[in-house]
Amino acid sequence: MNSLMLGLPSTVLVGKTMPKKLFYEFLATTAAVKDEFVRLIMRIDMVASIKEETLHIPAGGEVNEIDVLGLCLRAGDGEGVEVPYAAIDLIAKGVPNKVLFACEANGTMKLLVRRDRLYETTWLPCGVASVELRGTTLSELWDSLCSQVVFGNSEPGDFAGRVERKNRIEELQRELVSINKKRKSEKQIAKRNALFDRARAIKQELARLEAGV
């Protein structure tokens, strides 16, 4: 993987290929997760190591180092590229450092991070995918990287609150779709009215959340 695709400074670059066995043999895993490593991942590269020694930004909170792992995935068979989410989740939870994952396949790249769960970008052309290293501490920088993956911008402020709001919006949107389906098939007027009231309440809450109130 060409690490320069992400626009990273030369001081943090490593460019070292890592044996896949290093992950699935030394981290507690299952046969299904091991199969993802073997079947879906062609190569794992240590693209970069972002820490005080390489970027001259002090550690912050629990963040002492951020690694960028490049995963070269097997090309799709016409139905798209299968992303090894379980393998990525295992690595993110099993290694001590924070990890930004860069999955590459068919000339495109997808970035992933793990916070309360895995978050990902869409597939982007490799020449377009990049990240900005922004922050006065590694903790702020990590929040900024996560913000770029989750929200498409590098603003680190109140990341946890923004993620909570995003998750709540998605939860309400799913509930609204379900309620609208139920309303179409519900025959009892009282139940239809109750569903209508709930849908209206959801729309009001969505409006507040989307406005950032």
Side-chain angles (χ1 to χ4, degrees), residues 1-57 59 62-115 117-135 138 141-142 144-146 148-150:
M1 176 175 290
N2 183 354
S3 50
L4 294 177
M5 292 177 181
L6 293 175
L8 296 169
S10 60
T11 56
V12 305
L13 301 182
V14 177
K16 179 181 179 181
T17 298
M18 306 181 70
K20 292 187 291 183
K21 290 184 178 180
L22 185 67
F23 295 99
Y24 63 74
E25 287 189 353
F26 292 96
L27 297 176
T29 186
T30 64
V33 176
K34 180 179 177 181
D35 176 69
E36 284 197 355
F37 277 99
V38 175
R39 182 172 55 87
L40 302 180
I41 303 174
M42 296 176 62
R43 190 179 73 251
I44 300 178
D45 295 328
M46 173 65 80
V47 175
S49 175
I50 303 169
K51 51 189 175 182
E52 185 171 0
E53 293 85 351
T54 60
L55 199 62
H56 305 297
I57 292 179
E62 298 179 353
V63 183
N64 296 308
E65 182 175 341
I66 303 166
D67 295 329
V68 181
L69 285 185
L71 276 60
C72 182
L73 306 184
R74 298 192 185 281
D77 58 359
E79 298 180 356
V81 178
E82 187 174 354
V83 179
Y85 292 111
I88 291 171
D89 199 49
L90 175 73
I91 296 172
K93 292 188 292 187
V95 301
N97 300 329
K98 303 300 183 184
V99 183
L100 170 67
F101 296 90
C103 293
E104 183 181 355
N106 299 334
T108 60
M109 185 175 291
K110 174 190 289 288
L111 304 179
L112 300 96
V113 294
R114 191 183 199 286
R115 298 290 293 223
R117 60 179 175 85
L118 282 178
Y119 293 90
E120 62 186 325
T121 65
T122 58
W123 287 101
L124 299 168
C126 286
V128 173
S130 65
V131 293
E132 178 184 359
L133 302 186
R134 179 180 177 186
L138 290 178
L141 195 153
W142 173 240
S144 176
L145 287 174
C146 292
Q148 292 171 64
V149 172
V150 179

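More than 12 non-hydrogen atoms from other residues, nucleotides or ligands lie less than 6.0 angstrom from CD of Glu53.
Residues meeting the side chain to side chain donor-acceptor pair (under 3.5 Å) test with Lys34, sequence neighbours left out: none. With sequence neighbours excluded, no residue satisfies side chain to side chain donor-acceptor pair (under 3.5 Å) with Thr121. Not counting sequence neighbours, the partners of Asp89 by the side-chain contact (heavy atoms from CB on, under 4.5 Å) test are Lys93, Arg114, Leu118. Partners of Asn64 by side chain to side chain donor-acceptor pair (under 3.5 Å), not counting sequence neighbours: none found. Not counting sequence neighbours, the partners of Leu124 by the side-chain contact (heavy atoms from CB on, under 4.5 Å) test are Thr122, Ala129.
Atom-to-atom distance recorded for Ile50:CD1 and Ile57:CD1 is 8.5 Å, nearest 0.5 angstrom. Once rounded to the nearest 0.5 Å, the distance linking CD of Glu36 with OG1 of Thr29 reads 9.0 Å. Taking NZ of Lys20 as the start and CZ of Arg43 as the end, the distance is 10.5 Å to the nearest 0.5 Å. To the nearest 0.5 Å, the span separating CG on Leu138 from CG on Asn97 amounts to 10.0 Å. Going from atom OG1 of Thr11 over to atom NZ of Lys51 covers 11.5 Å, rounded to the nearest 0.5 Å.
Closest of all the heavy-atom pairs between Met109 and Ala102 is SD-CB, 4.0 Å. A pairwise comparison of heavy atoms in Val47 and Gly70 identifies CG2-N, 3.5 Å as the closest pair. Pairing each heavy atom of Ala48 with each of Leu8, the nearest pair is CB-CD1, 3.8 Å.
Within the 3.5 Å criterion, the main-chain N or O of Lys110 finds no donor-acceptor partner in the side chain of Glu120. The main-chain N or O of Trp142 is never found under 3.5 Å from a side-chain atom of Lys98 such that the two would form a donor-acceptor pair.
Side-chain contact between Leu111 and Leu6 is present, with heavy atoms from C-beta onward closer than 4.5 Å. Within the 4.5 Å cutoff, the side chain of Cys72 has no heavy atoms near those of the Asp45 side chain. You'll find the side chain of Met46 reaches within 4.5 Å of the side chain of Leu69, heavy atoms only. Contact check for Cys126 versus Glu104: side-chain heavy atoms found under the 4.5 Å cut-off. At a threshold of 4.5 Å between non-hydrogen side-chain atoms, the residues Leu27 and Val33 do not count as touching. Within the 4.5 Å cutoff, the side chain of Cys103 has no heavy atoms near those of the Val81 side chain. The side-chain heavy atoms of Leu71 and Val83, taken from C-beta on, include no pair separated by under 4.5 Å.
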When you look at Trp123 and Asn106, which way does the side chain to side chain contact (heavy atoms under 4.5 Å, CB included) test go after all the steps?
CA-CA 10 Å; Trp123 287 101; Asn106 299 334; over 6 Å; no
Between Val149 and Leu100, does the side chain to side chain contact (heavy atoms under 4.5 Å, CB included) criterion hold? Intermediate values first, please. CA-CA 9 Å; Val149 172; Leu100 170 67; 4.0 Å; yes
Exercise for the section: Run the numbers on Leu133 and Leu145 for side chain to side chain contact (heavy atoms under 4.5 Å, CB included), then give the verdict. Expected result: CA-CA 7 Å; Leu133 302 186; Leu145 287 174; 4.0 Å; yes
* Stepwise side chain to side chain contact (heavy atoms under 4.5 Å, CB included) check, Thr17 with Ile44 -> CA-CA 6 Å; Thr17 298; Ile44 300 178; over 6 Å; no
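For residues 9-45, the ring pair (Phe, Tyr, Trp, His ring centres under 6.0 Å) pairs, not counting sequence neighbours, are Tyr24-Phe37.
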